[in-house]
J.: 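One structure follows; several queries about it will come next.
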Amino acid sequence: MSVKAQRTVPIPLTVPDDRVADLHATYDPYQHCQNRTVEWCWPDQPKQPDDLTTSKGDAEDALYHDLRETTDYTLNANLVQKAIKDAVGAVGSCKTSWKNGDRISKPVFEDHDDASYTMTYDKRAATYHRYKASFAVVNGAPVECQYELPEDLTGTPYERYVLDARWSFSTSKLVYDGERFWLHAVMKRRYAEDPAYPPASDGSDTQEDFTRVLGVDLNVNGYSAVTSAGGFHGNADYLNHRRAEYEALRGELQQAGTRSAHRRLQSRQGVEWAWFDQYAHDVANSIVADAVRVRATHVVFETLTRIRTRISNAPKFQQWLFRRTQEYVEYKLEEFGISFEQVGSYHTSQACSRTDCDCVDEANRNDTHFECVECGYTLNADLNAAKNIGLKFLDELPTSHTCSSGKATSQLALVSGTLTPSGKTSRMDWESTDKPHPQRASGVRRARAK
Ligand SMILES: [Zn+2]
């Protein structure tokens with residue numbers, strides 16, 4: 001295993017005089033997206049913390065298209081997403097404070113004339129260099145800003161983290177403090193036995209141009225999670241069985257109606273939720289371990305809304321579990337500097353995942369077996385879905401990341417190698433595991449409440 005470290009380095013920016021207005025103008029639609037998101041997350045007169053919605057995926061599903069329309073497509077798509085994420089994060093902080101008994105009020109993102117502001121730029125909306133950065137804006141070309149550096153850099157955080165090639169830029173923040181602009185550069189570094197990360201096959205890849213995706217399919221039967229790299233995790237059948245037993249016990253105790261039965265039910269309920277929570281934790285850990293093993297830069301799930309639509313009869317506790325699992329994965333990936341992503345993918349289980357075949361047919365899937373009626377491709381059905389989810393994300397990347405010329409490389413991590421969106425495969429450049437193929441789902445691995 002390896003560890004990731006992260007440092008934030010504030011750097012004052014020199015903005016060309018004639019472009020200051022463009023940066024400010026970009027915050028107008030950004031702020032609009034933030035405030036609209038808060039309105040969506042925050043019902044009229046919420047009565048308890050859980051009345052506040054804090055799912056980034058759900059907010060994005062509900063608002064993204066509308067916000068792109070209303071901002072006239074001038075605001076960079078990644079900035080729309082980041083504005084939604086920032087706002088959901090602000091609501092999440094309120095929710096936590098409220099749960100801790102603090103007084104809270106609805107967050108409001110102010111106009112730039114009145115106050116300071118922050119915009120989050122990932123590496124698709126900004127380009128980060130060692131001496132300068134450029135930021136996508138609503139008017140004209142990206143604004144290029146030089147870093148304003150002291151004469152003597154010795155020992156500065158700038159020297160230690162920004163100039164040191166072992167650290168690389170991650171999603172960072174453009175901050176206006178009311179007087180001037182700053183880049184709060186988020187620098188990440190991975191400490192590993194193998195320092196060559198990501199693999200530089202022809203010596204030209206840099207981390208910023210390199211995308212390797214791990215697709216993840218979540219299920220209510222069989223394995224709870226299947227990754228495109230052939231990870232089969234959790235046992236949803238056992239989960240359903242355990243839940244059914246609990247429901248039966250609950251029925252009995254409720255019928256008994258005595259005070260002792262009520263107490264027993266309450267304590268048992270706590271044990272059940274702790275067990276499911278631990279289960280989500282374990283599945284999340286296994287997914288993250290897969291991502292680290294194959295050196296993924298991105299882990300991609302279906303949005304929860306998509307999963308709900310696809311599995312419309314999924315029981316409530318399974319939906320809760322999916323959400324929990326995704327939250328744990330997102331949280332754990334941060335320490336490795338791997339991005340968490342969601343796609344609103346369609347036909348993930350019926351579409352053929354061969355990149356040169358576009359067959360979508362219900363007949364392709366027969367329980368756990370996938371066999372394309374057009375090209376004859378066969379594989380595990382969940383693995384096929386996980387591949388489709390990863391490929392969907394690569395599809396949506398800007399072309400600079402997917403073109404075969406130039407330095408940009410993008411790949412999907414598979415069981416024994418990688419695949420590019422254009423169908424080029426490579427042998428794996430990571431350690432194989434003992435169990436690359438699905439094992440029988442018997443018992444539940446490592447899923448016990450502490
Ligand atoms: Zn096919």
Side-chain angles (χ1 to χ4, degrees), residues 211-233 236 287 290-291 294 296-303 305-312 314 341-399 401-404 408-430 432-433 435-441:
T211 305
R212 180 178 288 170
V213 168
L214 182 75
V216 185
D217 181 44
L218 297 176
N219 299 294
V220 291
N221 298 112
Y223 297 93
S224 287
V226 175
T227 71
S228 61
F232 292 80
H233 307 302
I287 294 168
D290 274 3
V294 303
T297 56
H298 296 71
V299 173
V300 184
F301 289 86
E302 272 182 307
T303 62
T305 315
R306 271 306 304 159
I307 297 176
R308 266 204 298 280
T309 322
R310 178 164 61 81
I311 320 170
S312 52
E341 307 283 348
Q342 291 172 310
V343 288
S345 183
Y346 288 87
H347 309 302
T348 47
S349 49
Q350 296 155 25
C352 178
S353 62
R354 268 188 71 132
T355 50
D356 55 355
C357 174
D358 47 20
C359 171
V360 177
D361 200 314
E362 257 180 70
N364 283 344
R365 181 171 189 163
N366 182 4
D367 194 20
T368 62
H369 182 71
F370 183 95
E371 179 165 5
C372 179
V373 292
E374 250 171 49
C375 74
Y377 185 49
T378 67
L379 76 169
N380 175 282
D382 295 331
L383 198 54
N384 180 69
K387 282 178 66 183
N388 280 331
I389 291 166
L391 287 169
K392 169 79 176 174
F393 174 77
L394 290 176
D395 259 4
E396 290 177 354
L397 274 185
T399 46
H401 286 259
T402 47
C403 66
S404 52
T409 309
S410 70
Q411 310 168 328
L412 175 69
L414 302 180
V415 177
S416 57
T418 59
L419 175 71
T420 67
S422 57
K424 215 178 105 198
T425 55
S426 314
R427 295 276 314 150
M428 66 175 144
D429 51 18
W430 60 83
S432 175
T433 58
K435 292 185 270 186
H437 298 294
Q439 308 294 306
R440 266 186 71 82

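Quick caveat: nothing in here was measured; it's all calculated off a predicted structure. Positions are given from 1 along the sequence. Both counts, for ligands and for their atoms, begin at 1 and track the order of listing.
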J.: Below the 2.8 Å mark, what number of protein N, O or S atoms do you get around the Zn ion (ligand 1)?
T.: 4
J.: Partners of V373 by side chain to side chain contact (heavy atoms under 4.5 Å, CB included), sequence neighbours excluded?
T.: C359, D361, A363, N364
J.: Can you tell me which residue among D429, T297, T418 is in a side chain to side chain donor-acceptor pair (under 3.5 Å) with R212?
T.: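 The single option meeting the side chain to side chain donor-acceptor pair (under 3.5 Å) with R212 is D429.
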J.: Working to the nearest 0.5 Å, report the span between CG of N366 and OG1 of T368.
T.: 8.0 Å
J.: Once side chain to side chain donor-acceptor pair (under 3.5 Å) is applied, do any residues pair with S228, and if so which ones, sequence neighbours excluded?
T.: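 Listed in chain order: nothing, the list is empty.
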J.: Would you mind telling me which of D217, V415, D290 makes a side-chain contact (heavy atoms from CB on, under 4.5 Å) with T227?
T.: D290
J.: Among pairs that include at least one residue of residues 349-397, which meet ring pair (Phe, Tyr, Trp, His ring centres under 6.0 Å), considering only residues two or more places apart or in two chains?
T.: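 Of all non-adjacent pairs touching residues 349-397, those that pass ring pair (Phe, Tyr, Trp, His ring centres under 6.0 Å) are H298-F393.
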